[in-house]
Q: 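Handing you this structure, nothing more for now.
Quick caveat: nothing in here was measured; it's all calculated off a predicted structure. Nothing fancy with the numbering, it's 1 onward along the sequence.
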Amino acid sequence: MPIPDLALTIDSFPSNSAEAAILALPSFGENERLDIPDLKPALDAIGFTGAKNSFARVFVPAVTDKPLAVVGLGSEPDADDVREAVGAAVRQLTGFDTVAVHVAARVEGAWRVAAEGAALGGYSFDSYKTKDPEKAKKKRRASTVLVHVPGPVDDDALDAVRAGAEAVALVKDLVSTTADRQSPAQLADAAIAATEGLGIDVTVYDEAALEDGGFGGILGVGRGSDRPPRLVRLEWAPEGAERHVALVGKGITFDTGGLSLKPAASMIGMNEDMTGAAEVLAVIRAAAQLRLPVRVTAWMCIADNMPSGRATRPGDVLTMLDGTTVEVTNTDAEGRLVLADGLVAASRENPDVIVDVATLTGAILVALGTRHTGVMGHGDAVDAFLRAADRTGEPAWPLPLPGYIGEQLDSRVADMRNADMGNRNAGSLFAGLFLQRFIGRTGEHEDAPRIPWVHLDIAGSAMSTSSPYGFTDKGPTGASTRALIDFVAAGGEVL
């Protein structure tokens, strides 16, 4: 998890121990004065006005003899603007080991969001590229970031920043790992390694245990692969915890579509279809690192979706963990099948709230684009997650689960079907309604309300396929990870 070390300093900007410096500035007009003398003429000379997302290197010997970068916060900046701007600056200012950061704007908690942005923007994946040492040296990001603060701050706050950034980095590392290096068994091993020594209990269900347990969804998706499926259950159970949050993640280590084979171009990047499982792992790891007083269980539902003579066929009927029979009309709608088993297993432990996370539907990109996470569910838990997303600056948008669309789930030969083939309307909502049927109830009576539940469709937000922005590189984003940590810290309740 290669993120920079974070340190705080009350020294005057920039710190003597830094090799280079970053200054985040709000927009300023032609006749405005800046708090740092001698800076404005140099900025005027290059046309820098503090506009949002602007970035420039500037030489101001009267201020510092160190390389200096300025990044714009725009007019009336808020915490999200600071996080994005500092992250973008750390991402772009390369070739220096130690960088100092200062925010010259009156934003509450500026140091904390600046540190978050720096840690997130400083991440880099140790890729499989052959590296030229000299070129790599020039492109490397800071290994240490010194964030200037006005006075002493709470160490716990800095620990929370580190834990959140490490969680996002873990997600990005796992998602960037290619499928030939990450089978279901290898991903399960990665979960064990990532949580070692943190007090998290880990149970791995192999194919025999899945068969004995009746996990028909996970087995049905994974049966076409030579690499058998896995279910990983992780538990953080601190003494005295009064709330229990269950997390369920889709972990398709490669998705060919199965016998409903994807077109060749659509298969590129399908090693990333395990992002949901990576996120629930990262969130429970952060909960343990921060010693959150909340019980957390995380279920990683892991399988390869491959075509073969053993693969599930369109028209086959699978029996889920709760006995529900599902006609598989589309083997490329496999994520909801593995999640169904995970949701039933999570429900059996009667948590206070369940959250599932999945790169589930292409339809969510049509609805919300590539930066917003689609949020569905019921109860106050949806509002609780949306508030957590707002607090952490993670774009999310609520979507409905209309009952009339649920009628499309009906199957002629089974209790339900996994896809409405030929109907392109409301695909994300159909998937959400499918999952909803596997959420357990709060009591034994059939009319008891279902356990509060949130469904996160991250098929759009989990990957930046075009270009970097803010603290986010091109590639996996870790979207919703920090919001989920915040949500868990609140016990899944509205704050």
Side-chain angles (χ1 to χ4, degrees), residues 1-3 123-132 136 139-141 166-196 200 202 204-207 210 218-219 221-234 249-258 261-262 264-285 298-308 310-311 332 334-335 338 357-359 458-459 462-465 472-479 481:
M1 291 174 286
I3 63 171
Y123 167 86
S124 58
F125 178 64
D126 188 13
S127 72
Y128 309 113
K129 290 184 177 182
T130 303
K131 298 178 178 67
D132 177 277
K139 291 183 178 180
R140 77 176 187 273
R141 293 172 184 171
E166 285 184 7
V168 173
L170 175 59
V171 172
K172 291 182 177 181
D173 279 355
L174 291 173
V175 174
S176 296
T177 303
T178 55
D180 60 313
R181 292 167 169 84
Q182 188 157 259
S183 66
Q186 287 170 314
L187 182 52
D189 289 342
I192 295 171
T195 55
E196 186 176 4
I200 294 175
V202 184
V204 178
Y205 297 76
D206 63 13
E207 62 271 32
L210 291 170
I218 297 174
L219 288 167
V221 172
R223 71 166 58 136
S225 176
D226 290 336
R227 309 190 303 181
R230 293 288 185 269
L231 174 67
V232 181
R233 179 189 181 274
L234 305 104
K250 172 187 173 183
I252 304 300
T253 47
F254 196 80
D255 183 18
T256 65
L261 197 66
K262 294 178 182 290
S266 299
M267 221 178 289
I268 301 298
M270 282 297 106
N271 60 299
E272 300 151 6
D273 211 16
M274 37 61 66
T275 303
E279 290 202 4
V280 302
L281 167 63
V283 171
I284 196 171
R285 182 179 187 274
W299 302 81
M300 301 169 65
C301 308
I302 312 172
D304 265 352
N305 188 23
M306 300 289 288
S308 75
R310 301 186 306 273
D332 196 21
E334 84 299 330
V338 300
V357 194
T359 47
I458 58 171
M463 185 65 55
S464 173
T465 57
T472 302
D473 275 313
K474 183 177 180 180
T477 65
T481 302

Q: For the residue pair Asn305 / Thr256, report whether a side-chain donor-acceptor contact shorter than 3.5 Å exists.
A: no

Q: What are the two closest heavy atoms between Leu231 and Cys301, and how far apart are they?
A: CD1-SG, 3.9 Å

Q: Enter the distance from Arg223:CZ to Glu207:CD here, rounded to the nearest 0.5 Å.
A: 13.5 Å

Q: Only pairs at least two apart or in different chains count here, so list each salt bridge (charged side-chain N to carboxylate O under 4.0 Å, His left out) that has a residue in residues 264-280.
A: Lys250-Asp273

Q: Assess whether side-chain contact (heavy atoms from CB on, under 4.5 Å) is satisfied between Thr177 and Tyr128, documenting all intermediate values.
A: CA-CA 9 Å; Thr177 303; Tyr128 309 113; 3.8 Å; yes

Q: Identify, with sequence neighbours excluded, every residue that meets side chain to side chain contact (heavy atoms under 4.5 Å, CB included) alongside Leu174.
A: Leu170, Gln182, Leu187, Ala190, Met274, Ala278, Leu281

Q: For the CG atom on Asp126, are there more than 12 heavy atoms of other groups (residues, nucleotides or ligands in this structure) within a distance under 6.0 Å?
A: no

Q: Would you say the side-chain atoms of Thr359 pair up with the backbone N or O of Ala459, donor to acceptor, closer than 3.5 Å?
A: no

Q: How long is the span from the OG1 atom in Thr253 to the CG atom in Asp180, to the nearest 0.5 Å?
A: 11.5 Å

Q: Would you check if Pro307 and Leu261 make a side-chain contact, meaning some heavy-atom pair closer than 4.5 Å?
A: yes

Q: Counting N and O atoms only, with roles assigned by atom type, does the side chain of Ser183 sit under 3.5 Å from a partner on the main chain of Gln186, one being a donor and the other an acceptor?
A: yes

Q: Taking the side chain from Asp304 and the backbone from Met306, do they hold a donor-acceptor pair closer than 3.5 Å?
A: no

Q: Before you tell me yes or no, could you show the steps for Glu166 and Arg285 under side-chain contact (heavy atoms from CB on, under 4.5 Å), namely the whole-Å CA-CA distance, both residues' side-chain angles and the distance that decides it to 0.1 Å?
A: CA-CA 9 Å; Glu166 285 184 7; Arg285 182 179 187 274; 3.4 Å; yes

Q: Hey, are the side chains of Pro228 and Pro184 touching, using non-hydrogen atoms and a 4.5 Å cut-off?
A: no

Q: Is any side-chain heavy atom of Leu219 closer than 4.5 Å to a side-chain heavy atom of Pro229?
A: yes

Q: Could you measure the distance from the CZ atom of Arg230 to the CG atom of Asp189? Nearest 0.5 Å is fine.
A: 8.5 Å

Q: Can you name the closest pair of heavy atoms from Ser176 and Pro476 and give their distance?
A: OG-CG, 3.4 Å

Q: Regarding Arg310 and Asp226, does a basic nitrogen lie under 4.0 Å from an acidic carboxylate oxygen?
A: yes

Q: Side chain to side chain donor-acceptor pair (under 3.5 Å) with Asp332: which residues, sequence neighbours excluded?
A: Lys262

Q: Is the Lys NZ or Arg CZ of Arg227 less than 6.0 Å from the centre of Phe254's six-membered ring, within 45° of the axis?
A: no

Q: Check Val221 against Ala303 and note the closest heavy-atom contact, atom names and distance.
A: CG1-CB, 4.1 Å

Q: Hey, is the main chain of Val175 close enough, under 3.5 Å, to the side chain of Asn271 for a donor-acceptor pair?
A: yes

Q: Any side-chain heavy-atom pair from Tyr123 and Val168 closer than 4.5 angstrom?
A: no

Q: I need the minimum non-hydrogen distance between Ser464 and Thr472, along with the two atoms involved.
A: CB-CG2, 4.4 Å

Q: Nearest 0.5 Å, please: how far is CD1 in Ile458 from OG1 in Thr477?
A: 7.5 Å

Q: Which pair of non-hydrogen atoms, one from Ala277 and one from Gly251, has the smallest distance, and what is that distance?
A: CB-CA, 3.6 Å

Q: Could you tell me which non-hydrogen atom of Ser124 sits nearest to which non-hydrogen atom of Pro2, and how far apart they are?
A: O-CG, 2.5 Å

Q: Please report the interatomic distance OH(Tyr205) to CD1(Ile218), rounded to the nearest 0.5 Å.
A: 10.0 Å

Q: Which value, rounded to the nearest 0.5 Å, describes the distance between Ile252 atom CD1 and Thr275 atom OG1?
A: 11.5 Å

